[in-house]
There are 2 protein chains.
Amino acid sequence: MRLAIIGTGAVGASVAELAGEYGHTVTALADSRSAVTDDSGIDVEAALARKREDGRVGSGDPADALDAAYDCLVEATPTTLGDAQPGYDHVRAAFERDRDVVLANKGPVAERYADVRELERESEGRLRFEATVGGAMPVLSTIEDCGPAHVTGIRGVLNGTANFVLSRMAVEGLGYEHVLAEAQDLGVAEADPSFDVEGTDAALKCVIVANVLAQGEREYTLADADVEGIADIPTSALRLASEDGRTVRLIGEVVDGSVRVGPRIVPSTSSLAVSGTENIVQIETANAGRLNVSGRGAGGPETASAVLADVRRLESGTRD
Amino acid sequence: MRLAIIGTGAVGASVAELAGEYGHTVTALADSRSAVTDDSGIDVEAALARKREDGRVGSGDPADALDAAYDCLVEATPTTLGDAQPGYDHVRAAFERDRDVVLANKGPVAERYADVRELERESEGRLRFEATVGGAMPVLSTIEDCGPAHVTGIRGVLNGTANFVLSRMAVEGLGYEHVLAEAQDLGVAEADPSFDVEGTDAALKCVIVANVLAQGEREYTLADADVEGIADIPTSALRLASEDGRTVRLIGEVVDGSVRVGPRIVPSTSSLAVSGTENIVQIETANAGRLNVSGRGAGGPETASAVLADVRRLESGTRD
């Protein structure tokens, strides 16, 4: 497939770099200020080098990417809340041209799910968004394969930054501020870590799952989630828990139509007590009991691999 | 889709019972001695009741099922080795009529993979076989979504009976024969448990994965697997291991083109140290690190759920 990639952060850049390996051609690449397009395929290396040196991937207008010759748009701009712009407009532009859309950006499917599904219905293009929930872990594809009607809920650790901080606090007995600073030094937490440590990122992923499970009966947005982060957990709580064979993790869940994210006490032996930046999702099914998937929930190549899995699924959905 | 189901053991019966819930119609159901067919859909309950009472699902010849009006054949007869018959003939009959095939029977894809792929190439019908590896766990679908070229290997606990026995031996300090008898009483092990405890079942699953990863470059059969079972593990070995924070599990792996099944010492905290009949597979990928999937690897409804996920994937592979 020919891919138009909007966004040149870790994910967009990785998709661009890996596309060839997966048999696809990048015909457009855009950042917030520029774009480079070529119907026969751009020079990805050169474009990313330009980005590193000049701050721009190309000399064209960003909108050129939306007008380029492509089969599938990859939307990998930063997640925005509320109106989910400009990501939402990029999705609409692709669907208006009957092109497929693969999202890494959570905004459109967390905050405007019904609108996006309506755009899809009115288009020949199809939407996929595996990368928005759990990076490379097969969460949405497993729910899709089971059939959303046969999935009764999910629970899991869906943010690696928050989990790293909590598991380090538990192991080292150090305070939150200290471990957060360590995480920032390691590049595991951002300069502004609030999205991660306040639970917003995990909540957006749960909201997306809730929208999928609801199958159009109800629409969820971030406002429907009950969210508590990790900033108020004292080291003493972790120490007490550990004396009882337990620990604390930031757990997100979609159960009985509710979306909740918050610190929970779990047994230290629980599969939910993952360490470091690892993520895990428990998928409760009607006929197959509990399925667990775990792995790296974030990262450039990891998330790109989920994007490219979606592109593959779109390709094989076409009869030759 | 209209399903013709061959096999009325736990899996075939569950597929027949659940088909309606997933939007499909069972137009044929056969056991080894009889069949019942109805182009508008058989009465599954009545057929299974007849099976329980008379030992036969219907009054027709088993071959009637292969001639019935159906879109997808579900082959759920017992796994056989070598020539993989009669399962192989059932697969061929379906492909000769350009029908799709979903396997729960491991034989054709473990022992005659190249032959089966050749039949598929010469047919309009398509083959899927998620249920043959790990029951409801999304193993083959995850490998397919990553792209087999991007999966470097797998490792895991792929047989619930063997794992139950080992984990009970470790927990209870009881001997192999004692725990095996307990497993048989519980219905976790069969009267003839050799397929499970000798590692054959786990090996067949690994051989199937090896065939998928090889992408036609090489064909594997059970004979290519290096297999060792659990019958020679003394309780003392488990006790020694546990004093060192370790335990023993029957691990199957496909690594560097080799297929091996045997008892391995693993840390007690390892994700491989699953308990009871739980299964787990670690999938090593080129771009996304290690993905883990775990859950119930066997059981009627569990395996049926994997069969029905394959039917769903076949359905959505068709452009409307």
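A note on names: the letters A, B, ... follow the listed sequences, proteins ahead of strands, and every chain is numbered from 1. Only this structure's heavy atoms are used, side chains among them; waters, hydrogens and symmetry mates stay out.
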Heavy-atom neighbours of B/Gln215 CD exceed 12 at 6.0 Å = yes
remark   = Bottom line for A/Ser141: the part with an atom under 4.5 Å from chain B's heavy atoms is side chain
key: Heavy atoms from other residues, nucleotides or ligands near CD of A/Glu217 exceed 12 (cutoff 6.0 Å)   = no
ask   = Out of A/Glu278, A/His150, A/Met137, which one racks up the most heavy-atom pairs below 4.5 Å with chain B?
value = A/His150
inquiry  = Please classify the contact of B/Gln282 with chain A as side chain, backbone, both or neither, using a heavy-atom distance under 4.5 Å.
reply    = neither
message = Let's test your reading of the structure: which of A/Ala304, A/Ala309, A/Ser294, A/Ser305 forms the most heavy-atom pairs below 4.5 Å with chain B?
response = A/Ser294
task = Mark yes when over 12 heavy atoms from residues, nucleotides or ligands other than A/Ile265 sit less than 6.0 Å from its CD1; otherwise mark no.
result = no
task = For the residue pair A/Asn287 and B/Leu18, establish whether any side-chain heavy-atom pair is separated by less than 4.5 Å.
result = yes
ask   = What do you reckon, is CD of B/Glu243 surrounded by more than 12 foreign heavy atoms closer than 6.0 Å?
value = yes
ask   = Which answer fits B/Ile280, side chain, backbone, both or neither, if we ask what part of it has an atom under 4.5 Å from a heavy atom of chain A?
value = neither
query = Is chain A contacted by the side chain of B/Arg290, its backbone, both, or neither, given a heavy-atom distance below 4.5 Å?
reply = backbone
inquiry  = Let's test your reading of the structure: which of B/Gly295, B/Ala136, B/Gly299 forms the most heavy-atom pairs below 4.5 Å with chain A?
reply    = B/Ala136
remark   = Most contact-rich option vs chain B, by heavy-atom pairs under 4.5 angstrom, among A/Leu308, A/Thr303, A/Val311, A/Leu291, is A/Leu291
ask   = Between A/Arg312 and B/Gly147, what is the shortest heavy-atom contact and its length?
value = NH2-CA, 3.2 Å
request  = Calculate, to the nearest 0.5 Å, the distance between atoms CD and OG1 belonging to A/Glu302 and B/Thr285 respectively.
outcome  = 8.0 Å
task = Counting only heavy atoms closer than 4.5 Å, note whether B/Thr142 contacts chain A via side chain, backbone, both or neither.
result = side chain
query = With chain B, which of A/Gly289, A/Ala306, A/Gly135 has the greatest number of heavy-atom pairs at distances under 4.5 Å?
reply = A/Gly289
Approximate separation, where rounding is to 0.5 Å, of A/Ser316 OG and B/Arg313 CZ = 7.5 Å
Point-to-point distance, once rounded to the nearest 0.5 Å, from CD of B/Glu130 to CG of A/Asp145 = 7.0 Å
